[in-house]
Amino acid sequence: MSDLVAIAYEGEDTAFRVRDRLVQLTKEHVIELEDLVVVVHRQDGKTEIKQATDLVGMGALSGAFWGLLIGLIFLAPIVGLAIGAIAGALAGRFTDYGIDDKFIKEVAENVGPGNSAVFLLIKKITPDKVVDAIKEYGGRVIRTSLSEADEANLRDAFGTGAQREVPPPSA
């Protein structure tokens, strides 16, 4: 089972630096992520969501492959390639993978204009090494699916205390 952790940061670019550090930690096998999302709440009030996984690109590539294969069978490889790429890109565009986009937008509104956040869906983690690696960026834990004790420990590690800052979504 994966755990969800959302951490808010001051500044629009801090979450991108944290993301880059987390990607490095995945290469070092310190953390294994199912999903990683960066959200920026711009000064003008708009929210920008950057998924780590580009589903449109993956869909287009997969669709192009299958379209080319089917096109070869029916002696129209170029047509199959084009139709497959378009169909795959559209499928990727409308596919929701990992953390729910509605949930991300809801929580991101509480980050405040000019700030950013990182959303992690964690498969495996070495908590002390990850916290030590990203603690330098500051941040405050705004939401987790961890147990109350683990969440309190995480908040203490970031110096935000054990108090929940964002209420859970209503079901």
Side-chain angles (χ1 to χ4, degrees), residues 1-59 89 92-171:
M1 176 159 161
S2 298
D3 291 311
L4 173 71
V5 176
I7 305 170
Y9 294 96
E10 289 191 21
E12 293 183 3
D13 64 334
T14 308
F16 288 107
R17 293 197 312 265
V18 172
R19 177 200 61 191
D20 294 342
R21 183 68 178 116
L22 288 166
V23 168
Q24 183 181 1
L25 292 172
T26 61
K27 292 177 184 175
E28 297 171 10
H29 303 286
V30 174
I31 188 170
E32 187 178 333
L33 299 172
E34 192 172 318
D35 198 7
L36 171 62
V37 178
V38 174
V39 174
V40 177
H41 192 157
R42 302 240 180 255
Q43 289 288 355
D44 62 8
K46 293 183 180 178
T47 303
E48 178 183 348
I49 299 174
K50 295 286 187 180
Q51 299 273 353
T53 307
D54 180 15
L55 295 175
V56 175
M58 283 184 5
R93 171 76 173 108
F94 295 109
T95 300
D96 191 15
Y97 172 80
I99 305 169
D100 182 53
D101 289 346
K102 181 180 174 189
F103 169 77
I104 292 170
K105 287 179 183 176
E106 175 187 318
V107 175
E109 292 299 319
N110 296 305
V111 172
N115 296 317
S116 56
V118 173
F119 289 77
L120 307 165
L121 199 53
I122 303 168
K123 283 184 183 179
K124 294 180 187 174
I125 187 171
T126 308
D128 56 337
K129 290 183 179 183
V130 173
V131 170
D132 286 345
I134 65 173
K135 190 190 298 189
E136 69 183 82
Y137 299 101
R140 62 186 164 85
V141 178
I142 56 175
R143 185 74 62 86
T144 77
S145 65
L146 301 171
S147 69
E148 287 188 25
D150 288 342
E151 183 173 340
N153 290 337
L154 184 61
R155 288 182 189 282
D156 287 341
F158 278 96
T160 56
Q163 190 174 24
R164 188 179 241 354
E165 296 182 26
V166 177
S170 57

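Here, residue 1 is the first one in the sequence, and each next residue gets the next number. Keep in mind that this is a model prediction, so the values were computed, not measured.
- For the atom pair CZ of Phe119 and CG of Asp35, the computed distance is 11.0 Å after rounding to the nearest 0.5 Å.
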I'd like to know whether Leu25 forms a side-chain contact (heavy atoms from CB on, under 4.5 Å) with Lys129, so could you lay out the CA-CA distance, the side-chain angles of the two residues, the decisive distance to 0.1 Å, and finally the verdict. CA-CA 9 Å; Leu25 292 172; Lys129 290 183 179 183; 6.0 Å; no
Could you list the donor-acceptor pairs under 3.5 angstrom formed between side-chain atoms of residues 5-12 and any protein atom two or more places apart in sequence or on another chain?
{"unit_1": "Glu12", "atom_1": "OE1", "unit_2": "Arg42", "atom_2": "NH1", "d": "2.8"}
{"unit_1": "Glu12", "atom_1": "OE2", "unit_2": "Gln43", "atom_2": "N", "d": "3.3"}

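- By the neighbour-count criterion of 12 heavy atoms within 6.0 Å, atom CD of Glu28 is densely surrounded, having more than that number from other residues, nucleotides or ligands.
- Across Leu121, Ile125, Leu146, a single residue satisfies side chain to side chain contact (heavy atoms under 4.5 Å, CB included) together with Asp3, and that is Leu146.
- With rounding to the nearest 0.5 Å, the separation of NZ in Lys123 from CG in Leu33 is 9.5 Å.
- Evaluation of the salt bridge (Lys or Arg N to Asp or Glu O under 4.0 Å) rule for Asp150 yields no partner, not counting sequence neighbours.
- Side-chain contact between Asp20 and Gln24 is absent, with no heavy atoms from C-beta onward closer than 4.5 Å.
- Under the 3.5 Å distance criterion, the side-chain polar atoms of Ser116 are matched with a main-chain donor or acceptor of Ala15.
- To the nearest 0.5 Å, atoms OG (Ser147) and CG (Asn153) are separated by 8.0 Å.
- Atom CD of Glu151 sits about 10.5 Å away from atom CG of Asp156, to the nearest 0.5 Å.
- Summarising the geometry of Leu120 relative to Val118, their closest heavy-atom pair is CD2-CG1, 3.6 Å, with the distance given to 0.1 Å.
- Atom CD1 of Ile122 is separated from atom OG1 of Thr26 by 12.0 Å, given to the nearest 0.5 angstrom.
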